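One structure is given here, and the rest of the page talks about it.
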Amino acid sequence: MSYPALATRTAVVTGAASGMGAATARLLAADGARVALLARRTDRIEALAAEIAAAGGQALAVTADITDQASVDAAAKAVHDAYGRVDLVVNNAGVMLPNPLADGRIDEWTRMVDTNLTGALRIVRAFTEDLTAAAADGRTADLVNVSSIASHVVFPDYAVYGATKAALTQLSAALRSELGPRDVRVSAIEPGLTDTELGGHIDNPALREQLGVMFAAIPALGAEDIADLIAYTVSRPRHVNLRHQVVLPTRQA
């Protein structure tokens, strides 16, 4: 599908180096939005920016680590210097590191909390003023937080990951109560089994195998499916907020 309403938008997409973030950036740019690509892997986002430009779109590669406040501040400045204020923020960056809680993997817990929750908050802090200003000017303004069905479905050994995603979904609801009255839409997207590189971060062989069995049994969603849902969500009329969406492969219960 195409979304002509996106042609006037200026977007920030985090986690744009791969998966859902890269697919979302491609689709937004293909529909005419200017897109700032935020991620740690400079080579990936520079290649994506070049790909988008070659297809006639506009994209800016901005190296950023959302677990580092100074990096986020520098990234926001780079976006503002190049594009001015943004009116669409897709908080997509995330990491999934499952292990039994009894293993006591504080390194993994810290990384997931810092990325999936605190990192998302840093991005919200960096661009909320942009969104409220855009809304005050009568333009459409959107904050999209990419959560997970793990926010409400219990998966053994995914306790901390699920907790961070539940927090992100709850954060979205709370922000909606604060930003909705100022005409900024806040949406939480909760994908089920989706084929991205997220599972490649798992260092537990048994859990890696378990995930592989799921992919073999269930035709998974693709990153492009999530990108299409995000684009659809943010292209609705300004007074319509698709607040909370769960998207699953048809065969996933």
Side-chain angles (χ1 to χ4, degrees), residues 12-22 38-45 62-76 89-128 143-175 186 188-215 220 223 226 246:
V12 167
V13 179
T14 69
S18 66
M20 293 182 283
L38 271 61
R40 292 175 299 133
R41 292 177 286 182
T42 304
D43 57 336
R44 291 279 194 96
I45 55 175
V62 182
T63 304
D65 178 355
I66 65 168
T67 69
D68 181 86
Q69 186 60 53
S71 180
V72 172
D73 292 342
V89 176
V90 181
N91 240 335
N92 165 76
V95 63
M96 181 177 72
L97 303 169
N99 262 312
L101 201 67
D103 285 3
R105 292 291 300 272
I106 295 176
D107 59 330
E108 293 182 339
W109 305 346
T110 300
R111 187 175 169 197
M112 285 188 283
V113 171
D114 283 354
T115 304
N116 300 353
L117 179 58
T118 311
L121 281 164
R122 289 190 178 98
I123 294 297
V124 170
R125 177 178 180 267
F127 295 105
T128 291
L143 169 63
V144 178
N145 291 322
V146 180
S147 183
S148 167
I149 63 163
S151 69
H152 61 273
V153 178
V154 174
F155 298 99
D157 303 323
Y158 286 74
V160 179
Y161 175 73
T164 63
K165 290 302 187 177
L168 185 58
T169 294
Q170 177 61 26
L171 174 65
S172 302
L175 287 174
V186 181
I189 308 288
E190 294 186 352
L193 189 67
T194 306
D195 189 8
T196 70
E197 65 177 39
L198 201 63
H201 303 150
I202 299 173
D203 68 3
N204 183 311
L207 292 176
R208 222 175 24 242
E209 181 180 356
Q210 181 187 75
L211 191 60
V213 169
M214 287 184 65
F215 276 110
I226 308 305
V246 178

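Quick caveat, the model's predicted, so the values are computed rather than measured. FYI, the numbering just counts along the sequence from 1.
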Please report the closest heavy-atom contact between A22 and A17, naming both atoms and the distance. CB-C, 4.3 Å
Residue E209 excluded, over 12 heavy atoms near CD under 6.0 Å: no
Could you check whether any side-chain heavy atom of I123 comes within less than 4.5 Å of a side-chain heavy atom of I66, counting everything from C-beta outward? yes
Indicate yes or no: at least one non-hydrogen side-chain atom of V146 is less than 4.5 angstrom from one of P191. yes
So, does T164 use its side chain to make a donor-acceptor pair with the main chain of Y161 at under 3.5 Å? yes
By the definition side-chain contact (heavy atoms from CB on, under 4.5 Å), identify the one residue from D65, D68, T67 that meets it with D114. T67
Do E108 and V160 have side-chain heavy atoms sitting under 4.5 Å apart? no
Is the shortest side-chain N to carboxylate O distance from D43 to R41 below 4.0 Å? no
Is a donor on one side and an acceptor on the other found under 3.5 Å between the side chain of T194 and the backbone of G192? yes
Within 6.0 Å of CZ in R208, more than 12 heavy atoms from elsewhere: yes
Specify the closest pair of heavy atoms between L38 and A75, including all atoms of both residues, with the distance to one decimal. CD2-CB, 4.1 Å
Rounded to the nearest 0.5 Å, how far apart are OG of S148 and CZ of F155? 6.5 Å
Shortest non-hydrogen contact between I45 and A39, atoms and distance: CG2-CB, 3.7 Å
Show the numbers, then the answer: is there a side chain to side chain contact (heavy atoms under 4.5 Å, CB included) between V13 and M20? CA-CA 10 Å; V13 179; M20 293 182 283; over 6 Å; no
In sequence, state the C-alpha distance, the side-chain angles, and the governing distance for L143 and F127, and then conclude on side chain to side chain contact (heavy atoms under 4.5 Å, CB included). CA-CA 9 Å; L143 169 63; F127 295 105; over 6 Å; no
Atom CG of N116 and atom OG of S151: how far apart are they, to the nearest 0.5 Å? 12.0 Å
Look up atom OG1 in T196 and atom CG in L193, then write down how far apart they are to the nearest 0.5 Å. 9.0 Å
Counting only N and O atoms by type, is there a donor-acceptor contact under 3.5 Å from the side chain of T169 to the main-chain atoms of A166? no
Tightest non-hydrogen contact, residues P98 and I202, listed as CD-CG1, 3.5 Å
CG/L207 to CG/N99 distance, rounded to the nearest 0.5 angstrom? 6.0 Å
I want to check something: taking the side chain as every heavy atom from C-beta on, are R122 and Q69 in contact at a cut-off of under 4.5 Å? yes
Could you tell me whether the side chain of T14 and the main chain of N92 form a donor-acceptor pair under 3.5 Å? yes
Kindly check if the number of other-residue, nucleotide or ligand heavy atoms within 6.0 Å of CZ (R105) is above 12? yes
Using 0.5 Å steps for rounding, measure from the CG atom of D157 to the CG atom of N204. 7.0 Å
Pairwise side-chain contact, V246 with H152, heavy-atom cut-off 4.5 Å (strictly under): yes
Decide yes or no on side chain to side chain contact (heavy atoms under 4.5 Å, CB included) for M96 and L211, but give the supporting numbers first. CA-CA 12 Å; M96 181 177 72; L211 191 60; 4.3 Å; yes
Any heavy-atom pair between the side chains of L97 and V95 that's under 4.5 Å? yes
Between K165 and L168, is there a side-chain heavy-atom distance shorter than 4.5 Å? yes
Quick check: do V124 and N91 have side-chain heavy atoms less than 4.5 Å from each other? yes
